Every structure is written in C-alpha cells, then in structure tokens.
S.K.: 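Let me give you the structure first, and then I'll get to my questions.
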Amino acid sequence: MAPDLDFSHERGPIRHLLNYREMSQEPMQVGSDPLLDDLTEPQREAATHVDGPLLVLAGAGSGKTRVITRRIAHLVLRVGIPPWNVLAITFTNKAAGEMRERVAKLVSERQARAITVCTFHSLCARLIRQYAHKLELPPGYSIYDTADQSRAVKNALEALEINTGNFPPAKVLSTISSAKNELIDPDAYAASAHDFYSKTVAKIYRKYQEVLAQNKALDFDDLLVQTANLIRNHPDVLAELRERYQYLLIDEYQDTNHSQFIIANALGAQHRNICATGDPDQSIYGWRGANIRNILEFETHYPDAKVVRLEQNYRSTKNILAVADALIRNNKHRKHKSLWTENEAGDPVRVVTVYDERKEAQWVVEQFQDWHDNKKVPWGGMAVFYRINSLSRVIEDALRTAGIPYQIARGTAFYERKEIKDAVAYLRVIVNPFDEVNLTRIINTPARGISEATVEALRAAAVAQNKPLFEVLRSVASLTAVNARAVAAVLRFAKMVEEWRKALGIFENNNARSPIFDLNAPDTPTSADDLHSIENQKSKIENPSTLRSFVERVLVDSGLHEHYRTDKTDPEGERLANLGELVSSAQQFEDDLEASLDGRPTTLHEKVTAYLEQISLVSDVDTVNPDQGAVTLMTLHAAKGLEFPVVAMLGVEDGLLPHSRAQTNPHEMEEERRLCFVGFTRAQRMLMVSHARYRTIFGQTTPTIPSRFLNELPSNHLQVEDISNEESWTAGEDRFSGINAQREAAREAAAQYRPGELVRHPQFGLGRVLTINPMGAQTRAQIAFNTAGVKTLILQYARLEKI
DNA sequence: AGTTATTAAACGAGC
DNA sequence: TTTAATAACT
C-alpha cells in the first residue's frame, strides 16, 4: 500500500492577492509576493520574466501550467500590462478553459476575460471571421471537417475525371494536409511534383482548393494557411494584431507546425515578447506536421532568449518517474533532461501479462475497483490509455458490466453522427449560402421529394449559369429536366431556408446587394479590440428569439425532428435524444457566450456563426470533465497535458505501441517512445501497464509480442506479473469451446450443402451450389442462381434453404 | 421516390 | 468489427 501522498499543493488556492493598484501604492517586500512565494527558483525566474523571448523547457509534471498562469498574473497585476495585450495559445480548448480559470483565480474575473486564451485553430478561425472581407470570404464561411473534406475531394476528382480507385480521398487529403502545414500552395506543390502520383495530387490539390473556394469553405489546415496569408499580405492587419497582442505565450511548443510557427513569429517579431513552453520529449504530433525543431531551435531564432529548465517533477512517484526516464533515455535524438522528484517512492510500476483483451479489461476493472474501495481514489482519479481507439470497446464493456461510471474522450464523435451532421448542415447552409457540400447533404434529408436526378439537374444548371447552387433553386421552374412536383418541392425547400435566414436578419432581395452574397459589403471598422463582434452586417429586425429556439425551429421546420421521432429503425429514440442534446448544447453555448459578453449586444446571426465555429473546433479531450466522477478512457495522444492518480495503459504490444506503421522509420519509432513516455508520466501514484498474449483485432485473433519498450524499463522499479494462466483454464476452455462451437456450426453448415445441390435464397431465388469453401465462421459458398447469376455468400448470414 | 438488404472496404494518432 | 456504397425491393 502506498503511503498517502499530498498532491494538492499543485493546485492550492492563492489567497489575499493584492491587485496592481494596491501594489503600486504599497510595494511588497522582496520574497513576500503570494504570486511567487510558493514557486521554486527556476519557476520564479520564468514567472517573473517580463520582456523579450523566453523558452521554458518544462519536463513532465514540472508545474509548467502553474508557471504560465503565474506569469500571466504577474504581468497583469505586478507589471501592469493590460490584460487584453496578453495572448496565450494552448493545445486544446479544454486546456484554454482551464488556464483561463486558473488565471481568473489570481486576477479579477474581468481581467481574466480580457485575456485571450485559445488554441491556434480557434484564434485563426476568429481572425479570419473578423477580417473575412480581406480574404474574399463571408464571415459565415464554413469550416469543413474530415467528412466534408472527403466530399470536396470527391467533387474535385469527379470534375477532373480521376478514378477514386487509385486516389483514395483520405490518402490524397493527408498529402494535401502535409503540404498545407508547410504552407505549400498548389502552385508550389505542382512545381516540386515530378512523379505521376504527385503530379496528379497537384491537380487534385488545385481543384480541391477551387471547390473549397466556391463553397466559401476552409478546412482545418486552411485556417492556419489563411491566417498566415492574412498576416503576410495585409501589413495593416499585422500591425493591428501586433499592437493588440503584445505578450505571447505558446504552450506545447514542441507540437507546433510550420504554419503555426510562422504565425507566432510574425505576431511576435516586433515586440519579441514571445514565451514558448514545452518539452521535446513530449512531441507526439509529428504525423500531423508538428516540427520538433521549432522548440529545439528556439534559441537560434531568438539568440537573446532566456531559457529556463524545469526539471523537478511534482506529479509522480519516484518509481513512476524512474521508469519513464529509463524509457525515454532510449531515444537517440534527444537533449537529455534530468527529471527528479521529492515525492515518495510509491508502489512499483506494475507490468502484467494477461491472456487476452477481455482478461486485460477484467484485470484493470478489478484493480480500479480495489483502488476505489480500499484506497479511496475517486473514479475521476483513474484513467485508461490506449494507442488506438478501437481498444476502448472491451474496457468499456467491462466497466459497464461492473457498474463503474466512465467517460470517453471522443468529443468529435457526437458531431459525426448522421442526425447531428444533418442538423448542423442546415445551420451551415443558412449562414453560408455558398456551401454546396452541406446543401446537397440536406436538400432531401429528410426525404421531401427532391430526387437525385433533380439535384443533378440543379447542379448542372448552377455550373452552366456560373451561379451558386442555392441561387439556382429559385429558378428551378425553368429547368425542363425537372417535373412539376419536384419543382414545387425545391421551391418549398428554398423558401424554408430563406425564412430561416430572415429570422437571422439576412435578406436576399433578388440579386440586389444582399449582405450575405455581397462580399464587398461596407468594411465596418473591425478592430482587434473585440473578437466577439463577428459580422459586419447587423440584424435589420429586432429578433427576440434565442439561439436555442432558433435551432429548435430549424429542427422542426426541416422535418428532422418529425423524421427521427417516427424513425422505425431507432425504437429507443436515441437519435431524437441526440438532437435534443444538440439543442441543449446550443443553449449551453448561448449561456456561456452571454456571460463572456458581459451585457454587450449580439445578434442571433452572430450567435449562430459563433456556435458553428465552436462545434467545428471541438477536440476529443474537450468533453472530458474530471470532476464528473467517472473513469476516463482516452488515446495516448489525447492524454497529453493531463494527470491522474491511477493510470492503466492497455495493449503495450509490438504493433500497437509502437504501432506497426512506425516499425520501419526510426524517427517514428522515437515518437512512439515519446508517446509511451507521455502515457507513463500522466500517472501520479499508480501506473499499470498491460499486454495480452492474444488479441482480437477486426475479428482476427492473433498471438502478440510484448512491446519492445517493456524491455527498456528498469526491473528494480517494476512489479512484473504473468496472470495469463490463472483461471485461464476455464476461460480458455470457454474461449476455445466458443471457437469450437463456431467451427462445428460452420462444418455442419458446410456439410449441409454439397456442390451440386439445389438451394433457395430469399432474394436470389433458386440456385445450385458450385463450391463450398470452409473457412470457419466465414465459410462461403459459391452458388449459381437461375436469375441472379453466380454469387459468393457467407453461409452464416445467407438465409439459404435446402430443396 | 424512398426504404431496406447486401456486399465491399477500411481499420493510427486529430484540430 | 464498423461504416459506406450499391443493389434490390416496395
């Protein structure tokens, strides 16, 4: 049993803070500043740094966030920097929220609200909205998620008449994404493309950008690219931003990519008050363009930078830290850092071998139960990490069966559901009439009599007339290819959307200077002062309704509500409930927004736009609430920046961690090791690591090899257990009897049908068995049907009938 | 036109 | 295993 450790000092409230005015009247004595008193020397050095570049190399658990928040408070309270001059960039919205909260405990609520704390992506999204007119975008531009991007690429491929077979959208998109992260535009990409594949990608890239431009849409990478362009091409904007953001803090600097680097440096180049914090050993996003050199070469970019190293760890026990440190020492490309702690030695790190993933889950659940019942660790203090999302299922099942509350960090999953994507697509189309991807998604969802053929005719007309698709809807009557019933349906749909737009104060008096179609609408002086002043155009009618009621109205008017209310395929009403949850999320957003606006007016239109922006940029961890009293399940990537008293890491096996795709590339292998290191260093008191002898992935059970990383761990800090044989006799028998039963069934099924026999299929009718291919549960039969031709069917699923 | 069944295809991490 | 695209049916 581990002695009780006190981990509370990290988050202790700071009392009796003096504000700046009091300070200046009555100077504090050196060493008695409550902002700094409880900091160590290096921490204080970083926290009190005011002007000029600062690099904080912060080891895991070294109190980095604390230093950042204190530094912000110090700047505002002691130095007297206006809070709106401070810009802190974090890796996730959740981290931003936490940082703002922690700062708010040091400074006043009001001051805290004036500080900008956000992620790169949300900063860029807001800047683009604010300066939309300079980028030929409407402020209601769409942000495309992966699914939308994939649609856009498919459109591009279609237009170029390229077969998707050789150019799967996902693969093309990842190539394009890498290019964008390096700020390589289609021209530059084409210039460096020499082989057939990249030359074709160059064409697709160009077309894809055209499609996005047509739709007035940006993908995630474009948010950064466009911001970089904005800053580069508009010196006035850059000057404004530099004036506004005089003190820059960028957290997790090791995971910034080239475009983020460019943006940050452009903002900071003049005043040079740029503070980067991070840890090269925790760089785990190389695959999405993060450039570890940004942090390694910070001192080259800023030779006068002050460098502070935080090496004392306040988070973990000695054992955990020793194990993590031993692991990371195996990376060759690395600057060594000596992590140390004054914490207790604690329990050894447990490394356990289990039989399979079910046993693994069961073991973890047992351990958690013990920590909860006997060591009084709340459920919220425990977490399960894994390399790939698909490992979450088994542990979920086990936790559910055990009745243990859990939450999964999969914030985006909610917005990926069809019903939610549909509902959001309506909102997108309302604020962005150019968004064809979302328009085609909802034009006949739910079914309202607008067929595929009708949509095709409309699209053709839009291309022919060189008009946005939505504008063509109104002239649908002139299209001969569309019958009267469809015309009525289209007009009804267009009318409905226009009604919603009216409710937002958007008017479209036929091709007049309707604000939403008019990109050259008068430039209202948008200063960086107020990022919340979103749109240039103000609502022309006083609309009393709220965001919540607007969303509800769209759900009802569109028929989505009714459709899912009566959906027979969803008897539980789960989808309807999800729509309900969307409505409450709108309500929640509205409440938060009102609070942060502090009485300043907003239009409904602005609210919808801001809401759409927010839901486009939620990250997986954003939804995790530690005080929820639930075990947290997440990927190792999502775990960055978090900490839990008890941590279990699943599937520490070769092929999973390190992932099989990293095996051939030494750099990727080191990133895998860093990923493992990140996982280890999240643990405060107990770290358990498990690997199974057999693992079933995609229905295929295969023996595994323990992760090579396990061999790198110092045995004197470990407690190694192999429980793969315990009770596995019964479990093993169950398992094999299960498999055997399946095989038996398949054999029987195979035996049942012999080549030459006549069978009947509910759909295909009469047929004759040609061959039987016994493959266990996957046993297939080739059958020649009288009318349907030769088909290969899986016996288990095909409801065949012997004749 | 719209729904439902069947088959094929994807499976690394995410803003 | 899940999801997406396609084919068949009502």
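Side chains are part of it too, since the values below use all heavy atoms of this structure and drop only hydrogens, waters and symmetry mates. In this text the structure is predicted, and so the values were computed from the model without any measurement. Order of the sequence lines sets the chain letters (A, B, ...), proteins ahead of strands, with each chain counted from 1.
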S.K.: Tell me: CZ of A:Arg673 to C1' of B:dG12, nearest whole Å?
M.R.: 18 Å
S.K.: Touch check for A:Thr412, heavy atoms < 4.0 angstrom, all strands: base, sugar-phosphate only, or nothing?
M.R.: sugar-phosphate
S.K.: Which part of the nucleic acid, if any, lies within contact of A:Asp221, taking any heavy atom under 4.0 Å across all strands shown: a base, the sugar-phosphate backbone alone, or nothing?
M.R.: nothing
S.K.: In whole angstrom, what separates A:Glu396's CD from C:dT2's P?
M.R.: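 Nearest whole value for this atom pair: 11 Å.
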S.K.: Among B:dA13, B:dC15, B:dC11, find the nucleotide with the atom closest to the side chain of A:His637.
M.R.: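 Of B:dA13, B:dC15, B:dC11, B:dA13 is nearest to the side chain of A:His637.
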S.K.: Assess whether one donor atom and one acceptor atom, taken from the side chain of A:Arg387 and the base of B:dA13, lie less than 3.5 Å apart.
M.R.: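 Checked by distance alone, the answer is yes.
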S.K.: Looking only at side-chain N and O atoms, does A:Asn389 come under 4.0 Å of OP1 or OP2 in B:dG12?
M.R.: no
S.K.: I'd like the C1' distance from B:dG12 over to C:dA5, given in whole Å.
M.R.: 24 Å
S.K.: Do A:Trp287 and A:His637 make the cut of ring centroids closer than 6.0 angstrom?
M.R.: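 Centroid separation for A:Trp287 and A:His637: below 6.0 Å.
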S.K.: Can you tell me how far P of B:dC15 sits from CG of A:Leu173, to the nearest Å?
M.R.: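 Roughly 17 Å, once rounded to whole Å.
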S.K.: Scan A:Glu668 against the nucleic acid and name what it touches under 4.0 Å (heavy atoms): base, sugar-phosphate only, or nothing.
M.R.: base
S.K.: Which listed nucleotide (B:dC15, B:dG12, B:dA1) is nearest to the side chain of A:Ser451?
M.R.: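 Taking heavy atoms from C-beta onward, the closest nucleotide is B:dA1.
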S.K.: Would you check if A:His659 stacks with the base of B:dG12, given a 5.5 Å centroid limit and a 30° plane limit, both strict?
M.R.: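 Given the distance and angle limits, yes, they stack.
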S.K.: Does a side-chain N or O of A:Ser619 approach OP1 or OP2 of B:dC15 to a distance below 4.0 Å, or not?
M.R.: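 For B:dC15, OP1 or OP2 has a side-chain N or O of A:Ser619 closer than 4.0 Å.
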S.K.: Identify whether any heavy atom of A:Lys640 sits under 4.0 Å from a base atom; if not, whether one sits that close to sugar-phosphate; answer base, sugar-phosphate or nothing.
M.R.: nothing
S.K.: Can you tell me if the side-chain N/O atoms of A:Thr635 get under 4.0 Å from OP1 or OP2 in B:dG14?
M.R.: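 Checking B:dG14 against A:Thr635, a side-chain N or O does come within under 4.0 Å of OP1 or OP2.
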S.K.: With the six-membered base ring of B:dG14 as reference, does the ring of A:Tyr285 sit under 5.5 Å away with planes under 30° apart?
M.R.: no
S.K.: Please report the distance, rounded to the nearest Å, between NZ in A:Lys418 and P in B:dT3.
M.R.: 16 Å
S.K.: Would you indicate what A:Glu672 reaches in the nucleic acid, counting non-hydrogen atoms under 4.0 angstrom: base, sugar-phosphate, or nothing?
M.R.: base
S.K.: Looking at C:dT2, I'd like to know if its phosphate oxygens (OP1 or OP2) sit under 4.0 Å from a side-chain N or O belonging to A:Arg393.
M.R.: yes
S.K.: If you assign each of A:Ile284 and A:Ile450 to its closest nucleotide in DNA chain B, which residue comes earlier from the 5' end?
M.R.: A:Ile450
S.K.: Find which nucleotide of DNA chain B each of A:Arg448 and A:Pro168 is nearest to by heavy atoms, and output the residue with the more 5' nucleotide.
M.R.: A:Arg448
S.K.: Using a cut-off of strictly less than 4.0 Å, decide whether A:Asn444 has a side-chain nitrogen or oxygen near OP1 or OP2 of B:dA1.
M.R.: no
S.K.: Let me have the donor-acceptor pairs involving side chains of residues 674-682 of chain A, under 3.5 Å, with sequence neighbours excluded, atom names and distances please.
M.R.:
{"from": "A:Arg674", "atom 1": "NE", "to": "A:Ser283", "atom 2": "O", "distance (Å)": "2.7"}
{"from": "A:Arg674", "atom 1": "NH2", "to": "A:Ser283", "atom 2": "O", "distance (Å)": "3.4"}
{"from": "A:Thr681", "atom 1": "OG1", "to": "A:Phe677", "atom 2": "O", "distance (Å)": "2.8"}
{"from": "A:Thr681", "atom 1": "OG1", "to": "A:Val678", "atom 2": "O", "distance (Å)": "3.1"}
{"from": "A:Arg682", "atom 1": "NE", "to": "A:Val678", "atom 2": "O", "distance (Å)": "2.8"}
{"from": "A:Arg682", "atom 1": "NH1", "to": "A:Leu642", "atom 2": "O", "distance (Å)": "3.0"}
{"from": "A:Arg682", "atom 1": "NH2", "to": "A:Gln282", "atom 2": "OE1", "distance (Å)": "3.1"}

S.K.: From CZ of A:Arg151 over to C1' of C:dT3, roughly how many Å is that when rounded to an integer?
M.R.: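 Answer to the nearest Å: 15 Å.
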S.K.: Starting at CD of A:Glu452 and ending at C1' of C:dA5, how long is that distance when rounded to a whole Å?
M.R.: 12 Å
S.K.: Just to confirm, is there a sub-4.0 Å distance from OP1 or OP2 of C:dA5 to any side-chain nitrogen or oxygen of A:Lys154?
M.R.: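 Result: yes.
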S.K.: Identify which nucleotide among B:dG12, B:dG14, B:dA1 has an atom closest to any side-chain atom of A:Trp287, counting heavy atoms from C-beta outward.
M.R.: B:dG14
S.K.: State whether A:Tyr415 and A:Lys421 meet the cation-pi test: NZ (Lys) or CZ (Arg) under 6.0 Å from the six-membered ring centroid, and within 45° of the perpendicular axis.
M.R.: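 Not flagged: A:Lys421 not positioned over aromatic ring of A:Tyr415.
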S.K.: Please round to the nearest 0.5 Å and tell me the distance separating atom CG of A:Leu183 and atom CZ of A:Phe261.
M.R.: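 Interatomic distance, A:Leu183 CG to A:Phe261 CZ, rounded to 0.5 Å: 11.0 Å.
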S.K.: Using the C1' atom as the point on both nucleotides, what is the distance between B:dA13 and C:dA4, in whole Å?
M.R.: 22 Å
S.K.: Is any NZ, NE, NH1 or NH2 atom of the basic residue among A:Arg393 and A:Glu357 found under 4.0 Å from an Asp or Glu carboxylate oxygen of the other?
M.R.: no
S.K.: Inspect the contact between A:Asp255 and A:Lys640 and indicate whether a charged nitrogen and a carboxylate oxygen are less than 4.0 angstrom apart.
M.R.: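 Judged by the 4.0 Å cut-off on N to carboxylate O distance, A:Lys640 and A:Asp255 do form a salt bridge.
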S.K.: From the set B:dA1, B:dC15, B:dG2, return the single nucleotide nearest to any side-chain atom of A:His121.
M.R.: B:dC15
S.K.: B:dG14 C1' sits how many Å from A:Lys94 NZ, rounded?
M.R.: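 After rounding, the reported distance stands at 16 Å.
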S.K.: Parallel, tilted or perpendicular: which fits the ring planes of A:Tyr611 and A:Phe589, with parallel below 30° and perpendicular above 60°?
M.R.: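 Tilted, since the angle between the ring planes falls between 30° and 60°.
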S.K.: In this structure, how many angstroms lie between the P atom of B:dC15 and the OH atom of A:Tyr415, rounded?
M.R.: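 It is 13 Å, rounded to the nearest whole Å.
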